[in-house]
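Step one of this worksheet: look at the structure below.
For this chain, numbers begin at 1 and follow the sequence in order.
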Amino acid sequence: METLAQRAALLRESLQKSQSGTHAVVSILGSFDSRLSALDAAMRPIQVRTHAVRTAHENIDRTLRSADVILTQFDRTREAEREIQKGPHENLQGFLDAVDRLRSIERFFSSNRSYRSSDGVLNHVNSLLSKALVKMEDEFQKQLTQRSKPIEPDRLFDCLPSTLRPSSESHPEGGKNPSHSENQQNSEAAVYSPPALIEPRFIPFLAKLAQQLVQAGCQQQCSEIYSEARASALESSLKSLGVEKLSKDEVQKMPWEILESKIGNWIHFMRIAVKLLFAAERQLCDQVFDCSQSLRDKCFSQITKNSLATLLSFGEAIAMSKRSPEKLFVLLDMYEIMCELQADIDTIFVGESCSQMRESALSLTKCLAQTAQKTFSDFEEAVEKDATKNIHIDGTVHPLTSYVINYVKFLFDYQSTLKQLFQEFKREDGTGSELATVTMSIMQALQNNLDAKAKQYKDPALMHIFLMNNIHYIVKSVRRSEAKDLLGDDWIQRHRRIVQQNANQYRRIAWSKVLQCLSGQGLTSSGGSGQVGSEGGNSSGASRAAVKERFRSFNVLFEEIYQKQCGWSVPDTELRESLRLAVAEILLPAYRSFLKRFGPLIENSKAPGKYVKHTPEQVEVLLGNLFEGKQERT
């Protein structure tokens, strides 16, 4: 117990010491808290002053930076002003850079209107920009005027394919005159090289000026300056080439010989204008106004509208002039060139601004097609109603026949063009073509007219010679031309039969009386001694007087026919020989037979040569003189 009491006393003593230590520590910590609070109170003013100093420094730095930016803008303005004063001529790039700097400065001060100097600087910058625009407009106009020169004809001709260039002997306005088929081949394989309207090294210069003017909102002034300069150069180029501004009345009053030459020139002019000049103008517009599609289309339209209108106006005057057969082929030539150029026109005159010009060109193409189609109808009608009375007395081929056949032959040089003209080459029933139909109609009209002209001949035999000659000429010409395949073998065979029918009719009508003279009918009787009597008669009972009369009649008729038909003409050698042979085949056997049978009666009479004037051989020789178209003596 005593031990426990001692331990308890020690434990109590230790607890008292620990409590005393705790109170001491608490007292010390309380003292620290008081000191820290006092220190914080003492440091707070210093912290406030430090923050204020830091903020002041930041404000000073910011102000210095802003001042530096503003001073830089002032420096840039002064530099730009010096370049603007110099103008664009000496250093275009430096001038344009200065304009860009001024625009940048203008944007800076517009977005920082709080600066006291902003308004003054903006006024100065805008003044400089206005001066720069005036200088750029002046320079743009000056450069275009200096660089936009007319293209001489020789330069244009050098840009054409070699096959379409004028020969040294030809008129300066014209070109070579190859055949129509050669022209078609040439145009298909032709390569055109549009000329450089302005030296290439100056085009970027103009493009940069145009871009600056457009960005400044000066599209209208820029467009007017460019269009005026280029339109003047284009019109001068066409004038040097030979393009004339003619009214429709002037065109329609021109003599055909002059007009035909001008139409040929017009075809060359259209090709040169579209494929060279207009193409080059489009290319130049695209390069100069690369910054604006609508502006380049508008400018191109303004530049070319008058020149294109002048060219199309001539074509319209021809299309609307009085129709005549000789105009058909130039109409087809004009229609052909318009068809050839239509794709180029659609490509070059692209955009809404050029829509009216595209429509005008297409309208002319359609107008030419309609006029050509009507001329076909007029020609067919004119052929059938041709009322010329001056038929040839020799029955040869009528001029109308050769004219129509040559006309039709020329048509076949235009088959591809006519295919476009008729729009649908195959007929609905698929049995032929529009060209075949037209050709057959023209041929039928010609045949109807020839039938009418043949009736003017009083001699029926000559009438058939006339028809035979003309139909044979038609058939032979068709067989040797492309019309053969189009009209077909049936048509040819049918008309060959007509030729043969007329030849047979001629032979029957012309020689029937002569053959009657060589007939034994009426000269013999069943009763007769068969011996030659004193005044006539033989073993067959023929009368010498009757035989003499027959020979006399034969001589008169033969000589009459011979004299007349030597003056008739069968111009085709093969047909002439076959007709002579056909006559000989019926006449010579009959004459030989008659001479053999009744000649002895004359031989034993007085002056037999008076009645038997010709041997069969001599008759055959004389027949060889027929249809030469000249008078012969027997």
Side-chain angles (χ1 to χ4, degrees), residues 148 151 155-161 163-165 175 183-198 200 203 206-207 210 223 226-227 230-231 233-235 237-238 241 243 266-316 333-369 416-417 419-421 423:
S148 296
I151 306 297
R155 271 192 65 199
L156 290 172
F157 296 151
D158 288 341
C159 296
L160 290 170
T163 52
L164 295 175
R165 292 174 189 168
N183 260 332
Q184 281 188 312
Q185 295 170 0
N186 293 340
S187 63
E188 288 170 3
V191 177
Y192 296 82
S193 305
L197 303 179
I198 290 177
I203 294 176
L206 293 170
S223 171
Y226 184 84
S227 300
R230 290 305 316 152
L234 174 61
E235 290 170 14
S237 297
L238 289 172
L241 189 64
V243 175
W266 179 85
I267 291 169
H268 288 293
F269 297 157
M270 281 298 298
R271 186 178 281 117
I272 290 172
V274 173
K275 288 186 174 287
L276 297 181
L277 289 173
F278 294 161
E281 288 292 352
R282 165 55 78 178
Q283 186 178 29
L284 184 61
C285 272
D286 291 349
Q287 291 172 327
V288 173
F289 294 105
D290 183 55
C291 57
S292 173
Q293 174 71 51
S294 61
L295 190 57
R296 62 190 185 222
D297 289 348
K298 179 183 176 183
C299 285
F300 178 73
S301 170
Q302 292 173 340
I303 292 165
T304 55
K305 63 181 180 181
N306 289 337
S307 296
L308 181 63
T310 298
L311 289 165
L312 296 182
S313 176
F314 179 85
E316 290 165 1
D333 287 333
M334 294 172 73
Y335 172 76
E336 185 178 87
I337 191 64
M338 290 305 298
C339 288
E340 176 190 328
L341 297 176
Q342 195 62 54
D344 295 281
I345 290 171
D346 290 341
T347 301
I348 295 169
F349 291 86
V350 70
E352 184 62 29
S353 300
C354 298
S355 60
Q356 185 60 47
M357 301 161 81
R358 293 194 304 272
E359 290 172 9
S360 297
L362 185 60
S363 175
L364 173 58
T365 305
K366 291 179 178 178
C367 187
L368 289 167
S416 60
T417 305
K419 183 176 181 179
Q420 292 175 287
L421 181 68
Q423 295 179 354

Can you confirm whether [X] sits close enough to [Y] that some side-chain heavy atom of one is under 4.5 Å from a side-chain heavy atom of the other?
X	Y	answer
Leu241	Phe157	yes
Met334	Met270	no
Ser363	Lys366	no
Glu316	Cys367	no

Notebook entry, point to check: Who pairs with Glu235 by salt bridge (Lys or Arg N to Asp or Glu O under 4.0 Å), at least two apart in sequence or on another chain?
Noted result: none
Check: Sub-3.5 Å donor-acceptor pair from the side chain of Ser355 to the main-chain atoms of Glu352, do we have one?
Finding: yes
Checklist line | Pairs involving residues 345-365, ordered by first then second residue, that meet ring-ring contact (aromatic ring centres under 6.0 Å, His included) (sequence neighbours left out) | finding: Phe278-Phe349, Phe300-Phe349
Shortest non-hydrogen separation from [X] to [Y] and the atoms involved:
X	Y	value
Leu234	Glu281	CB-OE2, 4.0 Å
Gly315	Leu368	O-CD2, 4.2 Å
Tyr192	Arg271	OH-CD, 3.0 Å
Thr347	Val350	O-CB, 3.6 Å
Thr365	Tyr335	O-CD1, 3.5 Å
Trp266	Leu311	NE1-O, 2.8 Å

In Å, rounded to the nearest 0.5 Å, how long is the span from [atom1] of [X] to [atom2] of [Y]?
X	Y	atom1	atom2	result
Leu277	Ser237	CG	OG	5.5 Å
Ile198	Leu206	CD1	CG	5.5 Å
Gln342	Leu364	CD	CG	9.5 Å
Ile272	Leu156	CD1	CG	6.0 Å
Ile345	Met357	CD1	CE	9.5 Å
Arg165	Cys159	CZ	SG	8.5 Å

Notebook entry, point to check: Quick one: side-chain contact (heavy atoms from CB on, under 4.5 Å) partners of Ser223, sequence neighbours excluded?
Noted result: Ser227, Leu295, Lys298, Cys299, Gln302
Sequence neighbours excluded, which residues qualify as side-chain hydrogen bond (donor to acceptor under 3.5 Å, both in side chains) partners of [X]?
X	value
Asp290	none
Arg282	Asp286, Asp297
Ser148	Arg230

Next item on the list: Show your working on side-chain contact (heavy atoms from CB on, under 4.5 Å) between Ile303 and Cys285 and close with a plain yes or no.
Entry: CA-CA 10 Å; Ile303 292 165; Cys285 272; 3.9 Å; yes
Margin query: Is the distance between the ring centroids of Tyr226 and Phe289 under 6.0 Å?
Written below: yes
Next item on the list: For the pair Met338 and Leu312, evaluate side-chain contact (heavy atoms from CB on, under 4.5 Å) and give the outcome as yes or no after the intermediate values.
Entry: CA-CA 10 Å; Met338 290 305 298; Leu312 296 182; 4.1 Å; yes
